[in-house]
2 protein chains.
Amino acid sequence: MEPDPQTCCAQTLPAHWMDLLRSQGGRVTRSRQRVLEAMAQLGRPSTAQEIARSLGRRACNLATVYRSIALFENMGLVRRVELGDGQTRFELAGDDQHTHHHHHLFCKRCGRILKVEGCELSRFEASLARDHGYTEIEHRLEFFGICPRCQSTRTAGSPQHSPGTMVRPDRRRPAQ
Amino acid sequence: MEPDPQTCCAQTLPAHWMDLLRSQGGRVTRSRQRVLEAMAQLGRPSTAQEIARSLGRRACNLATVYRSIALFENMGLVRRVELGDGQTRFELAGDDQHTHHHHHLFCKRCGRILKVEGCELSRFEASLARDHGYTEIEHRLEFFGICPRCQSTRTAGSPQHSPGTMVRPDRRRPAQ
DNA sequence: TTTACTGCAAATAATTTGCAGCTTA
DNA sequence: TAAGCTGCAAATTATTTGCAGTAAA
């Protein structure tokens with residue numbers, strides 16, 4: 001897996017997450033710390049399984065990973081990413097270069113995930129708020145396509161992520 | 001549930017779906033016809049359960065609903081919609097006024113789903129293709145907010161859809 | 001010490017699949 | 001007829017939960 005600056009850059013842990021956690025009555029435990037570190041190291045939207053597995057030896061229970069993620073998601077430390085392949089992924093959410101709001105470009109063949117920045121939808125959100133009276137509007141936007149490598153191989157390339165757990169191609173195709 | 005032109009408009013069945021199905025070696029069966037009719041009548045992204053239940057008496061097996069949906073999705077007759085609440089929904093995909101490409105505005109409290117049109121991302125897609133060499137680029141975009149009714153009730157309003165199966169508010173919050 | 005957190009196993013829930021019988025072409 | 005469907009029940013898979021023991025604060 002060659003390095004891809006836009007794909008596999010280790011993320012940064014949201015600063016002050018410990019304080020944030022404590023301020024909400026939570027405890028800073030080794031498990032939670034490890035889950036966050038694993039997510040940061042993975043540097044891309046990852047499933048609970050991937051996160052648990054990446055912890056390897058010092059693994060913490062899958063149930064704990066789920067519980068930690070749920071907690072972090074409610075704290076706004078983690079955001080969920082759904083790419084229509086039936087798997088729910090999570091990534092760190094923050095406001096620095098690596099964790100701030102962004103989107104993804106997902107290869108429909110191999111599952112490669114590219115980070116996409118610079119989408120400007122705030123004006124559109126404003127018009128939605130005005131036209132329909134909604135508040136607190138936010139959005140999720142994902143792109144799908146065929147990556148360069150897959151174009152040349154013609155066949156479904158080797159999945160970049162979680163080798164061995166390739167999702168069925170059929171479900172990967174977003175009904176556009 | 002008052003009528004909402006943008007939410008609950010019965011959709012139209014994709015024309016020629018029978019021919020399309022047959023041309024791919026599939027058979028036009030009563031079950032498949034009913035599943036499509038149910039989706040058209042529901043007129044909004046619906047889960048397999050909702051589709052099966054809406055068929056009421058003349059119900060067809062849940063497994064069959066899943067199989068039909070999968071088939072239709074691969075044919076491009078149905079597209080999947082994920083709103084981050086852990087449920088996978090499906091809606092008719094076509095090119096007429098009701099089924100063409102569009103997005104949704106999902107109320108984070110009651111789950112009301114509003115259809116959103118007029119998003120212009122093709123230029124952005126083109127730049128993605130140019131910059132990263134991807135082809136066949138498409139996208140999925142969903143908006144989340146608090147609908148007017150929920151703003152006034154302060155509490156989680158009655159869910160517009162599938163009463164009784166309200167998802168946990170915690171999971172409804174998209175990690176922005 | 002107190003009470004939240006964790007591991008483990010059992011429980012749920014959403015999908016999928018095997019198979020034998022039923023239908024469409 | 002023949003192959004593709006369908007219902008039903010069992011099997012999977014992802015995720016959640018109960019509980020008793022462990023560890024933050």
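It should be emphasised that the depicted structure is a prediction, and the values quoted were computed from it without experimental measurement. In what follows, chains are A, B, ... by sequence order, proteins preceding strands, each numbered from 1.
Counting only distance, with no hydrogens or angles, the side chain of Thr29(A) and the backbone of Arg27(A) share no donor-acceptor pair below 3.5 Å.
Minimum atom distance to the side chain of Asn61(B) is reached by dG7(D), of the listed dG7(C), dG7(D), dC5(C). The side chain of Tyr66(A) lies closest to dT16(D), out of dT6(C), dT16(D), dT16(C). Of all nucleotides listed (dA14(D), dA25(C), dA9(D)), dA25(C) comes nearest to the side chain of Arg22(B).
Using a 4.0 Å cut-off between a side-chain N of Lys or Arg and a carboxylate O of Asp or Glu, Lys108(A) and Glu138(B) qualify as a salt bridge.
Computed from coordinates, the Gln87(A) CD to dT13(D) P distance equals 12 Å when rounded to whole Å. Rounding to whole angstrom units, CZ of residue Arg89(B) and P of dT15(C) are separated by 11 Å. Remark: C1' of dT6(C) and CZ of Arg32(A) are 10 Å apart, rounded to the nearest angstrom.
For the side-chain hydrogen bond (donor to acceptor under 3.5 Å, both in side chains) with Glu117(A), the qualifying choice from His100(A), Gln97(A), His103(A) is His100(A), the only one to do so. Glu91(A) pairs with exactly one of Lys115(A), Arg140(A), Arg80(A), Arg79(A) by the salt bridge (charged side-chain N to carboxylate O under 4.0 Å, His left out) rule, that one being Arg79(A).
For a distance-only test at 3.5 Å, the side chain of Arg27(B) qualifies as a donor-acceptor partner of the base of dA3(D).
Positionally, the nearest nucleotide of DNA chain C for Gln49(B) lies more toward the 5' end than for the other of Gly26(B) and Gln49(B). Nearest-nucleotide positions on DNA chain D place Arg67(B) closer to the 5' end than the other of Arg67(B) and Leu62(A). The 5' end of DNA chain D is approached more closely, in terms of each residue's nearest nucleotide, by Gly25(B) than by the other of Val28(A) and Gly25(B).
His139(B) and Glu125(B) form a side-chain donor-acceptor contact under 3.5 Å, judged by distance and modelled atom types alone.
Listed by chain and number, the residues in a side-chain contact (heavy atoms from CB on, under 4.5 Å) with Ser122(B) are Glu120(B) (sequence neighbours excluded).
Rounded to 10 degrees, the angle separating the terminal helix axes of the helix from dT1(C)-dA25(D) to dA25(C)-dT1(D), each built from five base pairs, is 40°.
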